[in-house]
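Data first, discussion second: the structure below is written as structure tokens.
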Amino acid sequence: MPAEAGLIHQLCHWCGTASFRRLLCPVCASSDLESVRSDGLGVVVRSSVVHRYSEAARNESLVRLPEGFVFRCQVVGAEPHLVYVGARVRPVTGADPDSGEPLLELCDPVRRADWQ
């Protein structure tokens with residue numbers, strides 16, 4: 001059975017700040033964090049093509065979620081150079097959230113013909 005799409009993030013009980021994969025709240029340093037599920041829909045705020053640690057190029061992006069935090073992830077399902085700032089993204093259905101870097105895909109894939 002595929003995993004439910006979405007992202008687990010933390011919400012601070014003291015100040016209400018949302019964060020992603022933190023041990024302490026980045027605002028008040030409280031350790032009283034509650035895990036909350038987000039639908040994971042976000043917007044790319046920075047995108048780059050990376051060639052390190054593998055022979056194939058991959059995309060590495062910073063994505064902002066409506067909950068108020070930005071996190072680093074990999075956008076898959078499109079060629080790395082076709083991921084653009086402002087693109088809407090969502091979690092990959094069935095991806096293992098504990099496997100490391102979150103995997104997201106474009107909500108509105110760019111047609112290759114648009115870039116040729």
Side-chain angles (χ1 to χ4, degrees):
M1 181 171 134
E4 182 180 336
L7 292 173
I8 303 294
H9 67 279
Q10 290 79 31
L11 189 62
C12 178
H13 281 279
W14 288 98
C15 69
T17 300
S19 59
F20 187 69
R21 292 190 179 165
R22 299 282 185 122
L23 295 175
L24 299 174
C25 173
V27 174
C28 70
S30 169
S31 63
D32 192 5
L33 303 175
E34 175 186 1
S35 292
V36 180
R37 178 171 289 280
S38 165
D39 61 6
L41 297 176
V43 176
V44 175
V45 294
R46 183 173 177 219
S47 179
S48 59
V49 178
V50 178
H51 296 275
R52 92 185 139 227
Y53 307 125
S54 71
E55 292 181 18
R58 66 185 179 97
N59 174 273
E60 199 170 89
S61 295
L62 292 178
V63 172
R64 179 179 308 278
L65 266 64
E67 288 82 5
F69 61 92
V70 175
F71 67 99
R72 184 176 58 89
C73 65
Q74 184 177 356
V75 178
V76 297
E79 293 191 36
H81 66 282
L82 296 181
V83 178
Y84 58 95
V85 172
R88 295 180 311 126
V89 291
R90 64 178 170 242
V92 174
T93 304
D96 181 12
D98 298 325
S99 65
E101 188 175 50
L103 298 177
L104 295 140
E105 63 186 358
L106 295 174
C107 290
D108 305 313
V110 177
R111 293 188 318 252
R112 189 167 174 84
D114 294 342
W115 287 83
Q116 292 180 349

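Throughout, residue positions are numbered sequentially from 1 according to the sequence presented.
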Measuring only between side-chain heavy atoms, which start at C-beta, is V75 closer than 4.5 Å to S47? no

Determine whether L104 and V63 satisfy the following criterion, side chain to side chain contact (heavy atoms under 4.5 Å, CB included), listing intermediate values before the conclusion. CA-CA 9 Å; L104 295 140; V63 172; 4.2 Å; yes

Side-chain touch V49/R58, heavy atoms, less than 4.5 angstrom: no

L41 versus P66: any side-chain heavy-atom pair under 4.5 Å? no

Can you check whether L24 reaches S30 side chain to side chain, under 4.5 Å on heavy atoms? no

With rounding to the nearest 0.5 Å, note down the distance linking NE2 in H13 to OG in S31. 10.5 Å

Should the ring pair F20 and F69 be called parallel, tilted or perpendicular, given that the plane angle runs from 0 to 90° and is split at 30 and 60? parallel

Minimum side-chain heavy-atom gap P26-T17 below 4.5 Å: yes

Inter-residue atom distance H9.NE2 - R21.CZ, 0.5 Å rounding: 13.5 Å

For C15 against V27, the heavy-atom pair lying closest together: SG-CB, 4.1 Å

Under a single-linkage definition using a 4.5 Å side-chain heavy-atom cutoff for Ile, Leu, Val, Met, Phe, Trp and Tyr, are L7 and V44 assigned to the same hydrophobic cluster? yes

Between CG on residue L106 and CG on residue L82, distance to nearest 0.5 Å: 8.5 Å

Looking only at heavy atoms, what is the nearest atom pair of V83 and S61, with distance? CG1-OG, 3.9 Å

Taking the side chain as every heavy atom from C-beta outward, state whether C25 and S19 have any atom pair closer than 4.5 Å. no

For the CD atom of E60 and the CD atom of Q74, what is their distance to the nearest 0.5 Å? 8.0 Å

I'd like to know whether E34 forms a side chain to side chain contact (heavy atoms under 4.5 Å, CB included) with Q10, so could you lay out the CA-CA distance, the side-chain angles of the two residues, the decisive distance to 0.1 Å, and finally the verdict. CA-CA 5 Å; E34 175 186 1; Q10 290 79 31; over 6 Å; no

Do V70 and V45 have side-chain heavy atoms sitting under 4.5 Å apart? yes

Rounded to the nearest 0.5 angstrom, the CG-SG distance for D32 and C12 is 7.0 Å

Of all heavy-atom pairs between L65 and G42, which one has the smallest distance, and what is that distance? CD1-CA, 4.3 Å

Pairwise side-chain contact, P102 with P91, heavy-atom cut-off 4.5 Å (strictly under): no

Which value, rounded to the nearest 0.5 Å, describes the distance between R64 atom CZ and F71 atom CZ? 11.5 Å

Donor-acceptor pair between N59 and S48 side chains, under 3.5 angstrom: no

